[in-house]
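Worksheet: the structure to be examined is printed underneath.
In what follows, chains carry the letters A, B, and so on, assigned in the order in which the sequence lines appear, proteins first and then strands, with residues in each chain numbered from 1.
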Amino acid sequence: MSYFLQLVVSGIVVGSIYALSALGFVLIYKSSRVINLAHGQIIASGCFITYALNVWVGIPIYLAFVLSLIITFFLAMGVERLFLRRLIGEPIISVIMVTIGLMSILDGIIYLTPFGAENFSFPEFLPTTPIMMGDVSISWTQLVGVIITALLIGGFSWFFKKTTIGIAKRAVADDQLAAMSIGVSVPKVFGLAWATAGLTAAAAGGIIGNITGLNFDTLHAVGITVFPVVILGGLDSILGAVVAGIIMGLIQQFAGGYLDGNWGLNSTAEVLPYIILLIILLIKPHGLFGTHEIERV
Amino acid sequence: MKTNKKVLICYIAASFILFAAALQPAAAQTYKIGLSLAITGPTSDAGVPYSKGVEDYFKYANDMKLLGDDKLDCMIKDDAYKTDVTKRNFEEFLDQGIELYLNYSTGSTLGLKKDFEEEKIPTLPASFHAGNLDDSNYIFLPIVSYSGQLIGLAEYVTKMHQGETPKVAMFIHPSAFGRGPVEDLKKAVEAGLNIEIVEVVEHGKDLDNTAMLKRLSSKGVQYVFCHTVQSPVATMLKDAQRLDVAASKFGENGKMTFLGIHYTGGNDLIALAGDASENFFWTTSYTLTSEDTDGARIQLEMAKKYGRDDKIANSHNYTNGIMVAQIAVEAIRRTKAKGKKIVRENLYEELNAMNGMNAFYPVTTVGPVTYSKTDRQGVDTLQLYKVKNGVFRSTGSTFTSEYYKKIQ
Amino acid sequence: MAVNRWLATGNYFTSYRDEQRIFATHLNRLFFFAFLCCLFVWPLLFEVSNKYMLVIDNILIAIVAIIGLNLLTGFAGLISIGHAAFVGVGAYCLASFARVIGDEHILITHAWPVMIILSGLLGAVFGAFVGLPALRLKHLYLAIATLSFQMIFEWTINSMTFFNQGQTISVGRVFWFTGQVMRADHYVFWYYVVLTVIIICWFMASNLLRTRYGRSLIAVRDNDRAADAMGMHPGLTKVYAFALGGFFAGVAGALHAYLYRGVGIESFTLHHSISYLAMAIVGGLGTLNGSFWGPLAIRTLDLQVDNLAEKAGHIFSANLSLATALRPLAFGLVIVLFLMFEPRGIANWWRIVKSYTKLWPFKY
Amino acid sequence: MGNSTSGNLLDVNNIEVVYNDIIQVLRGVSLSVTEGKIVALLGTNGAGKTTTLRAISGLLKPENGLIRDGHISFKNTDITNKLGTHVVKLGAVMVPEGRRVFKHLTVDENIRVGSITRKDGSKNIRSDHDRMYEYFPRLKEIKHRLAGYCSGGEQQMIAIGRALMADPEMLMLDEPSLGLAPLLVREIFDNIRLINREMDTTILVVEQNAKIALEISDYAYIMESGKIVLEGSSNELQDNPDVKEFYMGITQGGGRKSFKEVKSYKRRKRWM
Amino acid sequence: MTKLIVSDVTLSFGGLNALSSVDLVIQPGLITSVIGPNGAGKTSLLNCISGFYHPTMGTITYGNHNLTKSSPHQVSNLGIARAFQNLELFSGMSVLDNLLLARHNNLKYSFLSALIYYGKASQIEAENRAYVEEIIDFMELEPYRHKTVGSLSYGVQKRVEVARALTMSPKLLLLDEPMAGMNIEEKEDVVRFIVDIQQERGITVVLIEHDLGVVMDISNQIYVLDFGELIGSGTPEEVAANPKVIEAYIGEE
């Protein structure tokens, strides 16, 4: 039983990190209908910036974390301005490919830094003794990660539901021309969407970096791993990202816990999310919480 | 005036030709060697220091005139860990007329095996996969294969373990590289090695290994043999620390001791795992810069000379690269000393003769390189290291794996 | 007045059949055949190093795959982030035979044209299977479904012992009328084979595009509701598009296996899928000749960047990371710049050049 | 020129609009709107009415259009080629053609988002929000429904309500009657007149339905292929025989000609 | 000639009835119009017939065929073609290609024949091209033949929409507001085409239209919908006199 509980707890921890990573996708998609494949790279850069500020510059870790959020906020805004602004209104494939190109470019830039080929790890700043709840344990790093995730996700859902600017962002996603007609500045909204996505990516990067250490391969693989989560959640739903993130976290833990090692199966956690994603999509073609296009013939 | 000029030009040209012809027999030769490896893409964290090691040692050989006036030209090409590109690089090297080839990944070594045979070109890979040697005559592993290393580790465990049969799990990379030694270890167990392999885990890109560690711990696993790259090991060690399942000293009861072979260890692991790497056991055939040895001194000097930063200077993959270059230089030196032409066949012969009295003692390894027609694994000697206060320290004396010889 | 069939000026059509010809004028046809002859003859006239022949073979194989991807993504508008898996299916079809009957079996070494077609057909079957979600999914969701198949494919090959767990499965040398094709002739031999395959594929694809089977692809891309009302089953048409893409990819896979004389999972990863998409885009989606330009451009770029990286590596010898960074930087920049400034790809330049010369000798 | 005081709320002076650098849609259009009035802009399909509205409200950019010549001033401020946001902030809001509501937002959210540019405090915004429901009581009932599922008439009301939330001095309506049943068209136009009177909002309406547009407006312009061809007070135009025949389908006799007759006439022409 | 019978059809979206118990009969060879205020369910009715929606209750039959659960391509195979209200053209293609596409069902040659483009495929394609040309001529689209549909004016696009439906050589043609947003002159043209389609080609026409003038002039039979319910039917004269229709639709003028 405690084995099961531990899997559940770990699943939720990993899931909430997925959710936070997925949140960036959702924020961008929700206002600009762009799916950003370079998100993994932004996550990685957020993580590297935190590290550089903390270790090389010597800024205290929490401050470094907040600063990296701000830097990445503007970084992502710049990326949007530079690369995506021109592509407003182009077909999906162009937009997908631009973000793929962006992925390569960011890769290249990161290779220019020491982070490209070397490994680092954050200095410990939280107690290393785990928190025990009965037999179930969770590390401080993970706990802090979950709390930050919860705060950010809560904040953003409130923002989209309740504030006029939040509604305006959704409005832009719906109909750009109409949004412009009532005075919404579409470019600003897109820039803001990327900026906030960059912010969440940096947060996710900081958390993941603390858990796994700073290895570029591992960090930017998160970008791809989060895909099934984003799609499962339905691309434009924050709630969907959270639910799907936790589902995927649990699936991976259970797959690792109960399937691997039996019946000759191995690393099922790598493939199971995709299989489950396919099955769910066939039942619900717009993911669990995705908006159905309202089509009138 | 015009005619004068023409005459002058003719004269200069003629004298050049004569001069060149006169010099021809004594002219310094350049021997070409090719290295294709992953400087970018996956495993580049190992590939980069490796390439520097190779590059620096060949430079060193040229600067120190180890081959007299003859020069070595080692072409290094990036293949980003992709077999297709490796093949292209290899073809290019052949077009350039290389006499010796250095390869990197397991996948490409297996994929190009047939080409090595057809071209009859001696090849030194960075992959110590035992399968490289099957149906192949031209691949020379610099040190003992992963299987040999792993069985050596297992023998160490049986020797040091107190109590009943030690329960062991394997934590491996999900690829040919990772899976290579699994079967061999099982064979060794059949041949009488006293361990019980409880589970073989292929890791994914997991952010969390809780499930796996809990499961292993519930099955009573005491030792985890790692054969992968550093990053997943680091994540696992951190999780183990958090779950409080990591042993604080070798073989601690009810806890798990983590051990790994060549590509799992080194400074990168410590960099990634931090405190959690404490007490990690690691085996390889190389000397480390954290220990005071001749090899370490020479390595650090060389790194300084060619302007490498500390990280590369102290990397065991830098050592690894220096090592293959040493073998290559030595083979050429010996061939030349015998007055033979530096061509593939002669180099091949010379490599195969590197045994017994003729064994080669590189500075950066803990034992000699021995090759023969039947044994194409270089250094058979292993040294066990352990992380103590954030550095790898050797524990115990060097050893070789007995069961590995038995199962071959 | 006699109809001038040589130049576009004065060439008017007197029957609908004339209008549907692939070559509008005799001159076009002449140029085309002259070009083909050149392609066949040049390797006999020049000495080409194995490396460059390998590079060229590689480009040609990519062209076969991209014709498939272009039909699927360019014409039918279905984004596939799993094309490398389709190519892989073709290659692994051959590899499976090699595993079962041995890699030097007469079927593999002598009946290789049959094996190539068989691989194509298996690719088509796999493609159709992967396309099944298209019956329900649309746009991004469908694209991600193909990504899922890519992942599942990689995992399956990696974990099944039958497929040697992703390690190289070797394929024997083939025989030609002159005996076994040995190393010295290997790359030239496959050059001719792939070239022939491309010509056949090109004719098949362009024929298809002027019939209902090709038009229906474009219809579901542009407006699948209208296509439905015109009597095309949008779902099945998409499945059929996937099968078509899978066929060409499968053929390319088998060719790849023969060329490299082995099949390993490293050649069919997600990275390759992305690079195929890049080729299709840079070449020009939805145009058949884009399928030729894309692979040519991207592979040449790769090569040039490698050379450049090497030079950079010599200049900044203390620090190779600039060289390391060059490859992804160049790849990324090319994609981004093309999408921003020439979203219709190189095919559009070709179109412009053609329209300049079309009415030669008369200008507008 | 931009700052000359003309007394008009809006002055459009001889503008030329070009799409994609080649296609010229407007060839020198001039019109002006006096404060507090309802002005109608009539014309056939493709005459350039929508483009004129978009040029005024700064929405040409998304379609790759540009005002190449001439200028527009609103409240004596030059707004030629200014962005939409700027124009809305100045107080001119457009209701785009074809009832472009935000389909995936609720009715309430749709109306609320209209106040995005306002800076005059949440209290005023809230009271305006409530007032919209007074104008369109029907919307209050369906407050929480997704706008995409509302009927055409309801969507048109949402679009107008949304625009009014920006508290505009001038409201521009682009074909509010398009695709609506006659009864609804009347209702919408009644509302427009009400807004004009009660909120003191100046209105510029683009319409094809000349009959109803002339009925409620004070002044009207008629466009054809990118030019203004006729203007005058609505009463005058209503009596203009050309307008009657070409835009209202009324023959000189006063009756309506039957479509069937047209058919046989045209067919005869076709065979000739 | 075949009758289309809609009997007792109800269509609901999440509890909201777009159509409730609608009964109507489309007589072959005539022009039948369906009118009603916006949101009355006219387009929904057309969607039910052409297979885009499936009625929640009731049946639709065309001759011996039950269309209730058919999908659009199946319906179109029976010779029922449709023009859409909001243009659903292939806007990136030329007018010619749009029309060629509509011939999809009428082209019978095998895939292999298409691959080599020899024999049957090439012969049928040429015949087909000729047929399309005939429609282009009929609908007076000659000047636009090679123009990209997206670049044409709204009025012409609407005409292409009708032409495309006609190219399918249907027996029954469903037209959804073919004259929306047109000026009087353009309307006159379209009316002329519709009447020609019915009279010259003998195709049954179902027309949805707002302009009462048009409807009254050319229809043989009119059905009036309001809030998903059928509130009146009959000849133009009967409908014009129906007080319920006047109240719901025309309003008191």
Worksheet item: So which bits of residues 116-138 of chain B come within less than 4.5 Å of chain C, counting non-hydrogen atoms only?
Response: B:Glu118, B:Glu119, B:His129
Worksheet item: Just by distance, with hydrogens left out, do B:Glu91 and C:Tyr187 show a side-chain donor and acceptor under 3.5 Å apart?
Response: yes
Practice prompt. Go through the side-chain N and O atoms of C:His272 and B:Lys82 and say whether any donor and acceptor fall under 3.5 Å apart.
Written response: no
Distance, nearest 0.5 Å, that separates [atom1] of [X] from [atom2] of [Y]:
{"X": "C:Asp302", "Y": "B:Arg88", "atom1": "CG", "atom2": "CZ", "value": "6.5 Å"}
{"X": "C:Asn50", "Y": "B:Lys87", "atom1": "CG", "atom2": "NZ", "value": "9.5 Å"}
{"X": "B:Phe93", "Y": "C:Lys51", "atom1": "CZ", "atom2": "NZ", "value": "9.0 Å"}
{"X": "C:Gln167", "Y": "B:Thr83", "atom1": "CD", "atom2": "OG1", "value": "11.0 Å"}

Discussion item. Can you confirm whether more than 12 heavy atoms, excluding those of C:Ile106, are under 6.0 Å from its CD1 atom?
Written reply: no
Worksheet item: Given a strict heavy-atom distance threshold of 4.5 Å, which part of B:Asp56 is in contact with chain C: side chain, backbone, both, or neither?
Response: neither
Response to the item:
When the 4.5 angstrom heavy-atom criterion is applied to B:Leu112 and chain C, the contacting part is neither
Worksheet item: So which part of C:Ser267 gets closer than 4.5 Å to some heavy atom of chain B, the side chain, the backbone, both or neither?
Response: both
Fill in: Segment of C:Asp57 engaging chain B (4.5 angstrom heavy-atom cut-off)
neither
Discussion item. Between B:Asp95 (side chain only) and C:Ser49 (backbone N and O only), is there a donor and an acceptor less than 3.5 Å apart?
Written reply: no
Practice prompt. Find the one option among B:Asn89, B:Leu110, B:Asp309 whose heavy-atom pairs under 4.5 Å with chain C are most numerous.
Written response: B:Leu110
Item to complete: Would you please test B:Glu202 and C:Asn158 for side-chain contact (heavy atoms from CB on, under 4.5 Å) and show each step?
Response: CA-CA 11 Å; B:Glu202 292 179 11; C:Asn158 255 323; over 6 Å; no
Worksheet item: Charged N to carboxylate O under 4.0 angstrom, C:Asp103 versus B:Lys114?
Response: yes
